[in-house]
Asker: 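This is the structure, below, for whatever I ask next.
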There are 2 protein chains.
Amino acid sequence: MDVQRLELLRELADRGSVTAVALATHRTPSAVSQQLKVLEREAGLPLTQRQGRGLVLTDAGRALARSATDVAVSLAKATALWDDFRNNATGEVSLVTFPTAGQMLLPGVIKNLGPGLVLNCADEDPELSDFPAFTAEYDIVLAHSMSGQLSWAGRGLTVVPLMTEPLDVGLPVGHPLADRAWVRPSDLIGETWIGVTDGYPFERILHAIEQEAGARLSMSQRFADLALIESFVIAGLGIALVPRYTSGGGQPGRLVLKPLRGIESERQIVALMRPDRAERLAVRTIIAALQSEAATVQQSHTPK
Amino acid sequence: MDVQRLELLRELADRGSVTAVALATHRTPSAVSQQLKVLEREAGLPLTQRQGRGLVLTDAGRALARSATDVAVSLAKATALWDDFRNNATGEVSLVTFPTAGQMLLPGVIKNLGPGLVLNCADEDPELSDFPAFTAEYDIVLAHSMSGQLSWAGRGLTVVPLMTEPLDVGLPVGHPLADRAWVRPSDLIGETWIGVTDGYPFERILHAIEQEAGARLSMSQRFADLALIESFVIAGLGIALVPRYTSGGGQPGRLVLKPLRGIESERQIVALMRPDRAERLAVRTIIAALQSEAATVQQSHTPK
DNA sequence: ACATCCATGTAGGCAGTCTAAACAATTCAT
DNA sequence: ATGAATTGTTTAGACTGCCTACATGGATGT
C-alpha cells in the first residue's frame with residue numbers, strides 16, 4: 001500500500017478534480033490519473049466515478065481518503081518529531097487571513113520569527129470565499145465566526161482558537177451616547193446604521209439587537225471595508241459595529257467605541273488547518289506565536 | 001518522508017541488526033544499509049551508531065522508530081478499511097503458540113475459517129524463548145502469564161486477553177483427596193510434587209501455596225511437557241498443578257482434578273501482536289475466532 | 001593470525017513514475 | 001448546431017531510484 005497514492009486520493013477529495021490535484025502536487029494530470037488507476041486496481045473496487053467531464057469519489061473512495069488523513073497526520077508527527085530533535089523550526093509556512101486579523105496579529109508575529117522560518121501571508125475577502133477551502137492551499141487559515149457557532153465544523157479540520165474580540169458600537173465624537181460607559185440595545189433605537197455586506201458575523205448581531213430592542217434598525221449603507229465604514233461613522237453619517245482591537249487605526253481620537261451590554265457581541269478568531277499540516281513543527285511554532293500575539297493584543301486593550 | 005524507510009528503521013529497532021532486517025524484508029543487507037543512510041541524511045542527525053560489529057539506534061533513532069509504529073498502524077487501518085468494503089478477510093496469518101493453548105484453541109478455529117483465509121501455526125517452548133520477541137516474526141503470538149502481572153507490558157505491543165484458565169491440582173484416582181469437592185493449601189502439606197521448570201507461571205503458584213500452608217513443598221521432578229507430568233501423576237509418583245481445560249487429553253478418567261481454594265490459581269492466555277498487524281482484517285478475524293473459541297471451551301467446562 | 005560475522009561501499013540492472021502528446025468525452029458559447 | 005474549451009485518459013519513451021551482486025573495512029573470538 002503506497003502512501004503517495006493515498007495522498008493523491010485525499011487531495012482529490014479536497015480539491016475535486018484531477019487537474020487541480022496535478023497543479024497542487026506539481027505533476028501532470030496524466031500522472032495523477034495513472035496513480036489513481038493503480039490504487040483502484042490494488043483496492044479491487046472502484047474509488048472514483050465519472051460525472052460529467054469531472055470525477056467524483058465513490059463511498060469507498062471517500063472512506064479511504066478519510067483514513068488517508070490519519071496516515072498523513074502520523075507521518076507529519078514523525079517528521080515533526082525529528083525537527084524537535086534538532087530544535088529546528090525551519091521552512092516556509094503559508095497563511096491566509098481576512099484583512100483585520102492580519103493587520104492585528106501578523107506584524108507582531110513576523111517580527112519575532114526565528115531564523116530560517118519564513119511566513120508567507122496573503123489576504124482574502126471572507127465573504128467572497130469559502131475560507132475552510134483555503135486549507136487545501138495554505139498551511140494556516142485565519143477565519144472568524146460568532147462565538148459558539150462553528151461554521152467550519154465537520155470537515156475534519158483542526159481548529160485552534162486564537163482570541164475572541166468584542167464588537168463595540170462605533171460612534172462619532174459628540175454623539176449623544178458618547179459619554180456613556182456602555183450602551184444597551186434599547187439605546188440604539190432610531191439610530192442610522194452603517195452595515196456590512198451579507199455573510200459577515202456582524203450581521204447576526206445586528207439582528208440580535210433588533211430582537212432585543214424590539215424595533216427594526218435602519219440600515220443606510222452596506223460596506224465590506226472597515227476603514228470605509230469608520231470614515232462614514234466619523235463623518236456623522238451613522239453608527240456601526242466595529243471590532244474593538246482593530247478599529248481606529250487610521251484616525252485615532254475621532255471615533256468612540258462603546259461596549260454593548262445585554263447582548264453577546266463578539267467574534268471568535270481561529271486558525272484553521274489540515275490536521276496533517278498542523279503537526280509540522282514550523283506550523284506549530286507559528287500557531288504558538290499567533291496565540292501569544294493574540295494574548296498580547298487582548299491584554300493591551302484591557303484597562304489595567 | 002518515505003514510509004518504507006521508516007518501516008526499515010522500525011524493523012531495525014525490533015530485530016537489532018541490519019542483516020536480520022534484510023532477512024525479514026527479503027532484501028540484501030546492502031539495500032537496508034543504503035536506505036538507512038538516506039534516512040539519516042534526510043533527518044540531518046545520526047539515527048544509528050556502530051557498536052562493536054553491530055549497529056544500535058541512537059535516542060533520536062528510537063524515538064523515530066516509535067513514531068514509525070503510528071504510521072504503520074494508520075496505514076494498516078487504511079488497508080483494513082477497504083478489506084472491510086469488500087468483506088474480504090483474505091490472506092495468510094501466521095501464529096505461534098505454546099503447546100497447550102494450541103491444542104485447546106487452534107483446531108476449533110481452523111475448522112471454521114472462511115474461504116481464502118489461511119492460518120499458519122507453529123509452536124514454541126515458552127521457557128526457552130522470549131515470546132514477545134516472536135511478534136516480529138509472527139502476526140499473532142499466544143502467550144500466558146499469571147493474572148494481573150503482565151510480563152510483556154511496556155513494549156508497545158497490542159495485548160488481547162483470550163481466556164483465564166484455572167490451574168487445578170491433579171491427583172491420581174484413589175488418592176485420599178480425590179473425593180473432596182475442592183482442596184485448600186493446608187491439605188497439600190506433605191504431598192510429593194511434580195513441578196515444572198523455572199519460568200513457568202506454575203512456579204509462582206506453588207510458592208504461594210507454600211506461603212499459605214506455612215510449609216515447604218517437596219519437589220521430586222521437574223518437567224516441561226504436560227503429558228509427561230500427567231503420566232507421572234497417574235502413576236502415583238506425586239501430584240501436580242495442571243491447567244483445567246488442557247489436561248487429561250491422553251488418558252481420560254485416570255486423572256482427577258480438584259479446584260484450589262484459598263489462593264488465586266489461574267493463568268491468563270492472551271494474544272500478543274504488533275499494533276500494526278493487529279489492524280489487518282484477516283488478523284482481526286482470527287482474533288475474533290480465537291475469542292469465540294476460548295469462550296466455547298470455557299463454557300463447556302462450566303458445569304451446567 | 002586467521003576465520004567469521006557484520007556493516008558498508010560501488011557498479012549495473014530493473015521497475016516504477018513521470019512527461020509529452022494525442023485522444024475521447026462532456027459542457028458551453030456563439 | 002457546430003466549434004472551442006475543459007477535463008480525464010491513453011500510449012510511448014525518458015528518467016529516477018531501489019535493489020542485487022560483489023568487494024571492502026572493522027571487530028570479535030579462537
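What you are looking at is a predicted structure, and each value in this text was computed from that prediction instead of being measured.
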Asker: Look at A:R5 and C:dT17 and indicate whether a side-chain polar atom (N or O) is within less than 4.0 Å of OP1 or OP2.
Answerer: yes
Asker: Are OP1 or OP2 of C:dA7 and a side-chain N or O of B:K37 less than 4.0 angstrom apart?
Answerer: no
Asker: Starting at the 5' end of DNA chain D, what dot-bracket string do you get if Watson-Crick and G-U pairs under 3.5 Å are bracketed, crossing pairs use [ ], other-strand pairs use | and unpaired bases use dots?
Answerer: ||||||||||||||||||||||||||||||
Asker: State whether A:T28 places a side-chain N or O below 4.0 Å from either non-bridging phosphate oxygen (OP1 or OP2) of C:dT19.
Answerer: yes
Asker: B:R53 has a side chain; which of C:dG9, D:dG26, D:dA5 sits nearest to it?
Answerer: D:dG26
Asker: Flag the pair B:D14 and B:R274 as a salt bridge only when some basic side-chain nitrogen lies within less than 4.0 angstrom of an acidic carboxylate oxygen.
Answerer: yes
Asker: How long is the line joining NE2 of B:H26 and C1' of D:dA21, in whole Å?
Answerer: 19 Å
Asker: Please state how far atom CG in A:D2 lies from atom P in C:dT17, giving the value in whole angstrom units.
Answerer: 6 Å
Asker: Tell me the interatomic distance from A:R41, atom CZ, to D:dT9, atom P, rounded to whole angstroms.
Answerer: 15 Å
Asker: Categorize B:T19 for me: base, sugar-phosphate, or nothing, with a 4.0 angstrom heavy-atom threshold over every strand shown.
Answerer: sugar-phosphate
Asker: Looking only at side-chain N and O atoms, does A:R27 come under 4.0 Å of OP1 or OP2 in C:dC18?
Answerer: yes
Asker: Going by an N to O cut-off under 4.0 Å, is there a salt bridge joining A:R10 and A:D276?
Answerer: yes
Asker: Using only modelled atom types and a 3.5 angstrom limit, is any donor from either the side chain of A:Q34 or the base of C:dT19 paired with an acceptor on the other?
Answerer: yes
Asker: Can you find a donor-acceptor pair, distance only, under 3.5 Å between B:S30 side chain and C:dG9 base?
Answerer: yes
Asker: Distance check needed: C:dT8 C1' versus B:Q49 CD, whole Å only.
Answerer: 17 Å
Asker: Examine the side chains of A:S17 and A:R53 and answer whether a donor and an acceptor come within less than 3.5 Å of each other.
Answerer: no
Asker: Take the protein atom CG of B:L23 and the nucleotide atom P of C:dC5, then report the distance between them rounded to whole Å.
Answerer: 14 Å
Asker: Please report the distance, rounded to the nearest Å, between CG in A:L36 and C1' in D:dT10.
Answerer: 15 Å
Asker: Hey, which of these two, A:A31 or B:G16, hits DNA chain C nearer its 5' end, going by closest nucleotide?
Answerer: B:G16
Asker: Rounded off to whole Å, could you give me the CG-to-P distance for the B:L55 and D:dG26 pair?
Answerer: 16 Å
Asker: Mind listing the closest non-hydrogen atom pair of A:A143 and A:F98 along with its distance?
Answerer: C-CE2, 3.5 Å
Asker: Between A:Q35 and A:Q51, name the one whose nearest nucleotide on DNA chain C is closer to the 5' end.
Answerer: A:Q35
Asker: Checking side-chain polar atoms at under 3.5 Å, does B:S94 have a donor or acceptor matched by the opposite partner on B:R277?
Answerer: no
Asker: Any salt bridge linking B:E137 with B:R15? Criterion: basic side-chain nitrogen under 4.0 Å from a carboxylate oxygen.
Answerer: yes
Asker: With the side chain of B:S33 defined as its heavy atoms from C-beta on, choose the nearest nucleotide among C:dT8, C:dT17, D:dT9.
Answerer: C:dT8
Asker: Expressed as a whole number of angstroms, how long is the span from B:L9:CG to C:dA7:C1'?
Answerer: 16 Å
Asker: Taking the side chain as everything from C-beta on, heavy atoms only, tell me whether B:T48 gets closer than 4.5 Å to B:E40.
Answerer: yes
Asker: I'd like to know if A:R284 and A:D84 make a salt bridge, using a cut-off of under 4.0 Å between side-chain N and carboxylate O.
Answerer: yes
